[in-house]
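Down below is the structure, laid out as structure tokens.
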Amino acid sequence: MLIVQKYGGTSVGDCQRIKNVANKVITAKNRGDQVVVVVSAMSGETDKLVGFMQSFCHEGYTIPDGRECDVVLSSGEQVTRALLALALQSQGYKAISLSGQEAGIITDNMHTRARIEGINTSKIASLLSEGYIVIVAGFQGASLEGEITTLGRGGSDLSAVALAGALRADLCEIYTDVDGVYTTDPRIEPRARKIEKISYDEMLELASMGAKVLLNRSVEMAKKLNVNLVTRSSFNNNEGTLITSEENIMEQPIVSGVALDRNQARISIGDIEDQPGIAAQIFESLSEKDINVDMIVQTIGRDGKTDLDFTIPKTEVIVAQEVLKKFADFYGELECDCEIAKVSIVGVGMKSHSGVASLCFSAMAKENINIMMIGTSEIKISMIIEITRAEKAVRALHKIYKLDEK
Ligand code: ADP
Ligand code: ASP
Ligand code: MG
């Protein structure tokens with residue numbers, strides 16, 4: 001079997017943990033598998049690197065040079081990939097570590113949020129055939145011009161899935177600090193249960209709605225490339241969660257999980273001119289700045305005016321406010337609220353069952369939690385609420401859909 005294993009920041013958090021990872025890799029190797037290992041930086045390391053760079057920012061100045069940022073950001077994974085190779089070599093195993101570039105990961109040139117365009121697997125394939133355990137630095141690649149790029153925060157999951165797809169690996173295992181995907185974040189609801197199998201689509205919605213156990217882009221790619229994806233813990237040998245096609249799952253619960261996203265902000269534009277083209281111009285200008293707009297609500301117009309509310313990542317608020325200043329002649333007031341959170345329920349069973357939404361709203365009503373915005377898709381309902389009530393809302397939803405019961 002050819003397997004790709006990915007170890008996250010906590011799993012490689014210090015040298016003792018790297019030794020523990022080496023033992024897991026050795027177990028797979030001794031079973032006769034060919035193993036490619038993708039590693040993240042030690043936990044907290046990438047945040048530390050971001051902090052270093054921020055010390056050069058000042059009023060009205062943000063770092064414009066993504067090229068240098070990526071050299072800094074990618075350095076965390078360079079340390080762990082080589083340390084793991086040393087740990088394996090010290091146990092008598094043939095191991096070699098590669099940067100993203102050496103591993104053949106080719107990206108576009110959008111620094112700090114690059115997309116993978118292709119992988120040249122020849123080097124990894126020949127090292128595997130020579131009997132090496134191959135370790136690859138996650139989160140990084142290189143553009144065609146040979147510049148180092150990074151894939152966006154949490155990007156090592158994507159490196160692993162992309163490599164598994166390109167190498168046609170039999171399995172891609174994502175090792176982290178929880179032993180699988182739970183019905184909600186077990187740090188918020190200790191009664192959350194581990195899910196044995198979940199469909200790509202549900203996992204994609206959960207990840208996109210804030211369940212950071214997997215990066216949403218990695219789930220999307222796993223679905224596209226048909227990668228068998230498993231998440232499990234690097235701290236025990238428990239069975240993990242299989243992320244697979246819907247048809248491989250016999251019984252579908254109506255609601256599979258609850259997700260929480262604390263990184264959203266709400267922008268409210270009041271008394272905006274109710275005429276064709278305004279919304280298009282606003283959202284075009286935001287997209288030119290690469291601001292990802294999520295939920296959008298517009299109220300019915302009155303007296304030629306209307307209100308427009310939408311959510312964006314908190315990190316984009318300052319840039320968004322700058323953009324919206326350009327339209328100040330067209331609206332009355334602009335409000336920005338960073339004290340919000342998005343809670344979502346996800347489940348494919350929603351497609352064929354009624355009453356799911358009403359149960360969700362009644363759970364909020366019972367807890368006296370005000371819903372500011374509602375958004376839905378075929379398999380998801382999201383609500384924007386006050387951030388201080390977010391964890392309570394998650395627990396109430398978890399309970400009302402009986403997710404703590406088998
Ligand atoms: P890594 O550093 O290994 O990539 P992350 O911190 O990115 O790990 O992701 C693991 C964390 O995801 C867990 O510690 C857990 O708190 C959080 N999490 C959020 N939602 C879920 C969920 N539904 N199931 C499991 N873990 C979740
Ligand atoms: N080290 C990077 C981050 O913290 C990538 C990853 O861990 O997946 O975002
Ligand atoms: Mg992660």
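Since the model is a prediction, treat every value here as computed from it, not as a measurement. Start at 1 and go down the list; that is how both ligands and their atoms are numbered.
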Is there a heavy atom in Gly138 that sits closer than 4.0 Å to ligand 2?
no
Looking only at protein heavy atoms, what sits closest to atom 14 (O) of ligand 1 is Arg187 NH2, 2.6 Å
Salt-bridge criterion met for Arg113 and Asp290 (N-O under 4.0 Å):
yes
Can you pull out the closest protein heavy atom to atom 1 (P) of ligand 1? Residue, atom name and distance to 0.1 Å, please.
Thr176 OG1, 3.6 Å
Can you tell whether the side chains of Arg262 and Glu391 come within less than 4.0 Å, N to carboxylate O?
yes
Of all the atoms in ligand 1, which lie at a distance below 4.0 Å from a heavy atom belonging to Val181?
24 (N)
Do any heavy atoms of Gly8 fall under 4.0 Å from ligand 2?
no
Regarding Lys325 and Glu322, does a basic nitrogen lie under 4.0 Å from an acidic carboxylate oxygen?
yes
N/O to N/O below 3.5 Å, does that happen between Phe139 and ligand 2?
no
Can you name the atoms of ligand 2, numbered from 1 with element, that are less than 4.0 Å from a heavy atom of Ser40?
6 (C), 7 (O), 8 (O)
Find all atoms of ligand 1 within a distance of less than 4.0 Å from any non-hydrogen atom belonging to Asp177, and give their numbers and elements.
10 (C), 11 (C), 13 (C), 14 (O)
Identity and separation of the nearest protein heavy atom to atom 25 (C) of ligand 1
Gly180 O, 3.4 Å
Considering non-hydrogen atoms of the protein only, which is the closest contact for atom 6 (C) of ligand 2, and what is the distance?
Ser156 OG, 3.4 Å
Salt bridge between Arg67 and Glu147, side-chain N to carboxylate O under 4.0 Å?
yes
Atom 27 (C) of ligand 1 - nearest protein heavy atom and its distance
Val213 CB, 3.7 Å
Any idea which part of Arg193 is under 4.0 Å from ligand 1, heavy-atom wise: side chain, backbone, both or neither?
neither
Under a 4.0 Å heavy-atom limit, does Glu77 contact ligand 2 with its side chain, its backbone, both, or neither?
side chain
Below 30° counts as parallel, above 60° as perpendicular, anything between as tilted: where do the rings of Phe310 and Phe283 land?
perpendicular
Options Lys212, Met209, Lys6, ranked by nearest heavy atom to atom 6 (O) of ligand 1, top entry
Lys212
I want to check a possible cation-pi pair here: Lys94 against Tyr132, using under 6.0 Å from ring centre and within 45° of the ring axis as the test.
yes
What are the atoms of ligand 1, with element, lying closer than 4.0 Å to any heavy atom of Tyr182?
22 (C), 23 (N), 24 (N), 25 (C)
Is a donor from one side chain sitting under 3.5 angstrom from an acceptor on the other, for Ser122 and Asn120?
yes
What about Lys6: any of its N or O atoms under 3.5 Å from an N or O on ligand 2?
no
Just heavy atoms, cut-off under 4.0 Å: does Ile174 contact ligand 1 by side chain, backbone, both, or neither?
neither
State which residue, out of Lys399, His398, Arg193, Arg191, fulfils the side chain to side chain donor-acceptor pair (under 3.5 Å) condition with Asp404.
Arg191
Arg153 versus ligand 2: do any nitrogen or oxygen atoms come within less than 3.5 Å of each other?
yes
If you measure from the Lys or Arg side-chain nitrogens to the Asp or Glu carboxylate oxygens, is any gap between Glu102 and Lys123 under 4.0 Å?
no
Return the residue, atom name and 0.1 Å-rounded distance of the protein heavy atom closest to atom 21 (C) of ligand 1.
Asp185 CA, 3.7 Å
If you measure from the Lys or Arg side-chain nitrogens to the Asp or Glu carboxylate oxygens, is any gap between Arg217 and Asp157 under 4.0 Å?
no
Any N or O of Asp157 that comes nearer than 3.5 Å to an N or O of ligand 1?
no
Pair Glu173-Arg232, salt bridge (charged side-chain N to carboxylate O under 4.0 Å, His left out): steps then yes or no:
CA-CA 7 Å; Glu173 294 179 313; Arg232 52 196 307 186; 3.2 Å; yes
Nearest heavy-atom contact between Ile385 and Ile371 is CG2-CA, 4.3 Å
Taking only heavy atoms of Gly9, which atoms of ligand 1 are found under 4.0 Å from at least one of them?
2 (O)
With heavy atoms and a 4.0 Å threshold, my read on which part of Val178 contacts ligand 1 is side chain
Charged N-O contact under 4.0 Å between Asp337 and Arg266
yes
